[in-house]
Amino acid sequence: MNHKFLVLRRILTAGIILVLLMCVFLFSVNVYVINKVSDYVYSDLDKFQKNTSDKSFECILVLGCGVVNGHPSVMLEDRLKAALVLYDERVAPKVLLSGDHGTISYDEVNVMRDYLMERGIPSEDIFMDHAGFSTYESMRRAKEVFGCSRIVVITQEYHLYRSLYDSRILGIESYGFIATGHEFVQQPYYTAREYLARFKDFFLTKINPQSAFVGGDKIDITGDGNVTIG
């Protein structure tokens, strides 16, 4: 058999084995992350309230995910509707909106704030985190900028496991409430992307890098949310 062919076959075999090992590792990390926090994920309000009746939450943290023409995307609106339910049930006295406001032309958090205010939540109870550029950044800032130690996180289920994993590794006692309402045709894509994101954050929390966006003044989450207007 040709020597070059044997070498090529060995390289190909090694490559296939390496890819398979990486896939197994990726899957294992995802299973670990999900299992680590699955006991803290809720979709039923009664069950959530029963199991957390001894907890005093500082805020409801809503993670941003996109706005369209100055309005929340469908996915984001589902999250905001869940926040309204929890706030009305007095699960927590404050709402923290964490999203991307990196430019003047793109502003998730003020759109989220306007939506909640139009539906009855007073401005003083709504805090905005303008630098929630990623899940990890949102959780790090919740702790280090806003001083959160016990929170309820709202997002879709596929995203909730990573959100709780990041926050708990960072030292926040977090519980998750699933935003429901719509099913998305893009869900297989979201799920596949989340597999990679969980893998990334698993190692990110091991390295535990200091956020570039935690400097400046600290904000008291128990105070007046109007201080975050901007």
Side-chain angles (χ1 to χ4, degrees), residues 14-41 57-66 75-76 79 96-103 106 108-109 127-179 188-221 228:
I16 292 172
I17 292 172
L18 181 61
V19 169
L20 290 174
L21 288 174
M22 285 298 297
C23 288
V24 170
F25 191 32
L26 176 65
F27 178 77
S28 299
V29 166
N30 271 266
V31 170
Y32 174 79
V33 169
I34 291 171
N35 287 340
K36 191 77 173 176
V37 298
S38 59
D39 289 344
Y40 310 112
V41 174
F57 296 104
E58 294 146 342
C59 72
I60 300 160
L61 172 57
V62 185
L63 296 171
C65 65
M75 181 175 282
L76 181 54
R79 299 179 187 184
L96 174 58
L97 309 174
S98 185
D100 187 345
H101 188 187
T103 64
Y106 188 76
E108 291 180 352
V109 290
F127 287 77
M128 291 182 289
D129 176 8
H130 300 265
F133 301 125
S134 70
T135 302
Y136 178 82
E137 293 286 353
S138 292
M139 298 308 168
R140 183 124 208 176
R141 287 176 55 81
K143 179 185 179 184
E144 298 187 16
V145 175
F146 294 91
C148 296
S149 60
R150 184 181 291 138
I151 63 176
V152 182
V153 182
I154 293 180
T155 183
Q156 277 69 27
E157 182 176 8
Y158 77 94
H159 182 214
L160 201 48
Y161 299 104
R162 177 163 60 103
S163 304
L164 296 185
Y165 182 82
D166 285 0
S167 56
R168 283 184 166 263
I169 289 294
L170 289 169
I172 302 173
E173 185 182 352
S174 57
Y175 293 77
F177 194 78
I178 299 172
Y189 165 73
Y190 296 149
T191 301
R193 187 179 64 178
E194 188 63 17
Y195 257 66
L196 296 175
R198 290 189 199 118
F199 190 76
K200 170 184 69 71
D201 279 19
F202 173 79
F203 288 101
L204 194 62
T205 53
K206 299 296 183 187
I207 300 170
N208 203 21
Q210 190 71 21
S211 170
F213 304 103
V214 297
D217 296 336
K218 306 301 180 184
I219 300 170
D220 182 4
I221 195 66
T228 62

[X]: side chain to side chain donor-acceptor pair (under 3.5 Å) partners, not counting sequence neighbours:
X: Tyr106; result: Glu108
X: Ser28; result: none
X: Tyr158; result: none
X: Asp129; result: Ser98, Arg141

Checking [X] now: which residues fulfil side-chain contact (heavy atoms from CB on, under 4.5 Å) with it, not counting sequence neighbours?
X: Ile17; result: Thr13, Leu21
X: Leu20; result: Ile16
X: Thr228; result: Phe127, Met128, Phe146, Ile219
X: Phe203; result: Phe25, Phe199

Donor-acceptor pair, [X] side chain versus [Y] backbone, under 3.5 Å?
X: Glu137; Y: Ala131; result: no
X: Lys143; Y: Gly171; result: no
X: Arg168; Y: Ser174; result: yes

Write down the atom of Val37, the atom of Tyr161, and the distance for their closest heavy-atom approach.
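Closest heavy-atom pair between Val37 and Tyr161: CG2-O, 3.5 Å.
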If you look at every heavy atom in Tyr195 and Asn30, which pair is closest and at what distance?
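Shortest heavy-atom separation between Tyr195 and Asn30 comes out as O-ND2, 3.0 Å.
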Is there a side-chain contact between [X] and [Y], using heavy atoms and a 4.5 Å cut-off?
X: Ser163; Y: Leu63; value: yes
X: Met139; Y: Val153; value: yes
X: Arg198; Y: Phe202; value: no
X: Leu196; Y: Leu26; value: yes

Please identify each residue that fulfils salt bridge (Lys or Arg N to Asp or Glu O under 4.0 Å) with [X], with sequence neighbours left out.
X: Asp100; result: none
X: Arg150; result: Glu173
X: Glu194; result: Arg162

How long is the gap from [atom1] on [X] to [atom2] on [Y], to the nearest 0.5 Å?
X: Ile154; Y: Arg79; atom1: CD1; atom2: CZ; answer: 10.0 Å
X: His130; Y: Leu97; atom1: NE2; atom2: CG; answer: 9.5 Å
X: Ile34; Y: Leu164; atom1: CD1; atom2: CG; answer: 11.5 Å
X: Asp201; Y: Ile207; atom1: CG; atom2: CD1; answer: 10.5 Å
X: Leu61; Y: Ile172; atom1: CG; atom2: CD1; answer: 8.0 Å

Ile221 vs Leu96, test: side chain to side chain contact (heavy atoms under 4.5 Å, CB included). Steps then yes/no.
CA-CA 8 Å; Ile221 195 66; Leu96 174 58; 4.3 Å; yes
According to ring-ring contact (aromatic ring centres under 6.0 Å, His included), who are the partners of Tyr175, at least two apart in sequence or on a separate chain?
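With sequence neighbours excluded, Tyr175 shows a ring-ring contact (aromatic ring centres under 6.0 Å, His included) to Tyr40, Phe57, given in chain and number order.
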Check against side chain to side chain contact (heavy atoms under 4.5 Å, CB included), Tyr190 and Gln156:
CA-CA 10 Å; Tyr190 296 149; Gln156 277 69 27; over 6 Å; no
Counting only heavy atoms not in Lys200, do more than 12 fall under 6.0 Å of its NZ?
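Check passes, neighbour count above 12.
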